[in-house]
Amino acid sequence: MTTITAELKKPSKKSKKALVRGMMDNVMEQFNSAADQINLHPNIRKILSITNNEIIVNFPVKMDNGEVEIFTGYRVQHNNALGPYKGGLRYHPTVDIDAARALAMWMTWKTSLAGLPYGGGKGGIKLDPTKYSKGELERITRRFTFALADNIGPEHDIPAPDVNTNSQTMAWIADTYMSTRPPAERTANQHVVTGKPDGSGGLEGRDRATGYGVYLSIKFWAEKNNKSLNGKKFIVQGFGNVGYWAAHFLEKDGAKLVAVQDAYGSIQNQKGIKVEDLFKYSKINDGSIVDFPNAKPVDKNQFFTLDCDICIPAALGNQITADNAPNIKARLIAEGANGPTNVEGEKILLDRGITIIPDILCNSGGVVGSYFEWLQNRNGELWQLNEVMEKLDKKMKESFDKVFDYSKNEGVDMRTAAFCIAIERIEKAYIQRGIFP
Ligand code: NAD
């Protein structure tokens with residue numbers, strides 16, 4: 001645990017650069033190959049190849065010991081042709097302008113594919129949250145919100161949780177944003193963020209929406225291929241919001257969790273790891289799965305090559321690469337994370353006949369849940385959990401079928417299909433409206 005925590009705090013310059021450069025390279029290569037496929041109008045290709053706005057804020061925060069520390073926060077707004085910018089805020093040492101750009105672009109394709117009235121944005125703060133107390137994290141979050149000021153807003157740019165941020169973070173942002181509005185506008189601005197706690201305008205079920213969507217994508221894929229999930233072995237990288245909930249629903253459907261990796265280590269038990277037991281254990285073990293009694297440690301570099309049927313990367317980008325793709329045993333990769341498979345890794349997997357359910361489809365349950373929360377707040381309603389889950393199911397099925405059919409009809413892989421559908425929708429909006437002035 002100690003070694004990997006140290007790695008988290010001090011990522012080597014070499015590995016950090018590779019991660020970030022790869023993310024931008026990936027998203028641009030994915031975009032260009034889909035743009036070629038649909039013969040995207042060159043003017044629209046130019047517009048979509050760059051971000052609309054990039055906001056960088058440096059802001060001071062008082063630490064518990066009385067000293068002031070300066071933080072750097074980012075918000076990149078890629079495109080808003082279809083509606084307000086939408087996308088998460090990440091707190092991690094690898095956050096910088098290039099990571100935010102790549103993640104913002106993925107959000108544009110994701111919201112478009114899901115048929116939502118949103119564009120794409122992403123941001124966060126470059127920090128290792130394990131180094132700060134809860135009080136410090138609250139002050140950092142509130143001061144970041146204050147620094148972003150009118151660059152976010154319920155009809156302009158709506159953040160949500162991502163790596164190392166959660167409903168508590170969103171509650172602080174909503175409260176700070178609302179507190180700094182003119183009195184008559186305060187309560188009407190609750191939907192400036194989604195993923196809030198359910199007592200503070202949050203949506204019942206938003207916590208599980210992304211993981212449930214990952215599970216549904218796997219289920220729909222199994223149904224299309226006349227397969228049962230019962231007894232299928234799966235591995236999960238990242239046992240946070242997305243990884244845990246995806247594992248929870250898969251296990252309920254009879255699949256067997258056999259290995260897990262988080263920021264602190266990797267564990268395996270081919271006989272099965274009980275999801276709820278591991279979840280409870282991680283809660284009392286500072287959020288880590290390391291030393292879980294009913295499993296053995298595994299070398300972190302071997303993790304993706306472990307024996308299984310389904311692999312769910314649900315942590316960071318660029319995890320499946322040319323280094324591990326040749327030895328991956330899974331026949332299905334369900335991308336819970338954003339950008340977990342790089343372009344070289346993907347080519348190898350596709351050549352080997354392994355299916356990839358791409359991130360912009362597979363993890364889109366989160367932003368669909370966020371859209372429901374936004375609607376709920378905007379209309380002053382309170383939705384019930386069963387209603388949320390039914391609506392989510394329907395939306396995920398529509399998106400999955402669209403991508404699956406496009407992929408079959410055009411003879412392209414599922415990622416290219418998903419990108420083509422997403423980009424065509426944005427192209428249509430530009431063609432209808434023209435370019436101002
Ligand atoms: P989280 O903070 O809840 O959990 C992240 C997990 O990843 C933790 O278990 C952490 O220990 C692990 N992790 C971090 N660094 C790691 C490393 N180097 N190796 C292995 N594991 C590592 O975050 P989350 O919200 O679950 O997000 C996970 C991924 O899913 C991210 O890529 C995020 O962009 C994507 N995503 C999240 C949502 C959402 O609604 N939260 C929606 C769509 C996509």
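Because the structure is a prediction, the values reported are computed rather than measured. Counting begins at 1 with the first residue of the sequence. Both counts, for ligands and for their atoms, begin at 1 and track the order of listing.
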Under 6.0 Å from the ring centre and within 45 degrees of the ring axis: does the NZ or CZ of Lys397 meet both conditions for the six-membered ring of Phe220?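 Judged by the rule (NZ or CZ under 6.0 Å from the ring centre, within 45° of its axis), Lys397 counts as positioned above Phe220.
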Stacked cation flag Lys391 on Trp383, 6.0 angstrom / 45 deg: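 Verdict for Trp383: a cation-pi partner in Lys391.
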Looking at [X] and [Y], does any basic side-chain N land under 4.0 Å from a carboxylate oxygen?
{"X": "Arg139", "Y": "Glu69", "result": "no"}
{"X": "Lys219", "Y": "Glu223", "result": "yes"}
{"X": "Lys134", "Y": "Asp64", "result": "no"}

Residues, nucleotides or ligands: over 12 heavy atoms within 6.0 Å of Lys224 NZ: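 Yes, NZ of Lys224 has more than 12 neighbouring heavy atoms, counting only those of other groups under 6.0 Å.
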Heavy atoms of other groups near Lys62 NZ, more than 12 under 6.0 Å: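 Atom NZ in Lys62 is not crowded, with 12 or fewer foreign heavy atoms closer than 6.0 Å.
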As an exercise, identify every atom of ligand 1 less than 4.0 angstrom from a heavy atom of [X].
{"X": "Ala315", "answer": "7 (O), 13 (N), 21 (N), 22 (C), 28 (C), 29 (C), 31 (C), 32 (O)"}
{"X": "Asn338", "answer": "32 (O), 33 (C), 34 (O), 35 (C), 36 (N), 44 (C)"}
{"X": "Gly238", "answer": "6 (C), 7 (O), 9 (O), 12 (C)"}
{"X": "Leu316", "answer": "15 (N), 18 (N)"}

Does at least one non-hydrogen atom of Arg90 fall below 4.0 angstrom from an atom of ligand 1?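 Yes, that is the case, since the closest heavy atom of the residue is under 4.0 Å from the ligand.
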Any nitrogen or oxygen of [X], side chain or backbone, less than 3.5 Å from one on ligand 1?
{"X": "Asn164", "value": "yes"}
{"X": "Asp162", "value": "yes"}
{"X": "Thr210", "value": "yes"}
{"X": "Gly366", "value": "no"}

Going by the side-chain hydrogen bond (donor to acceptor under 3.5 Å, both in side chains) test, name the single residue among Asn52, Thr51, Asp157, Asn151 that passes it with Gln77.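 By the side-chain hydrogen bond (donor to acceptor under 3.5 Å, both in side chains) criterion, Gln77 pairs with just one of Asn52, Thr51, Asp157, Asn151: Asp157.
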If we check side-chain hydrogen bond (donor to acceptor under 3.5 Å, both in side chains) with Glu373, which of these qualifies: Gln190, Lys196, Arg206?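 Single side-chain hydrogen bond (donor to acceptor under 3.5 Å, both in side chains) partner of Glu373 among Gln190, Lys196, Arg206: Lys196.
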Of the side chain and backbone of Arg206, name the one, both, or neither that has a heavy atom under 4.0 Å from an atom of ligand 1.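 Under 4.0 Å from ligand 1, Arg206 contributes side-chain atoms alone.
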Does Gln237 approach ligand 1 within less than 4.0 angstrom via side chain, backbone, both or neither, non-hydrogen atoms only?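 Contact part for Gln237 vs ligand 1: side chain (C-beta onward).
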With [atom] as the reference point, say which of [options] has the nearest heavy atom.
{"atom": "atom 21 (N) of ligand 1", "options": "Val260, Thr130, Asp262", "result": "Asp262"}
{"atom": "atom 28 (C) of ligand 1", "options": "Ala314, Pro161, Gly88, Ala160", "result": "Ala314"}
{"atom": "atom 25 (O) of ligand 1", "options": "Thr194, Asn241, Leu103, Val367", "result": "Asn241"}

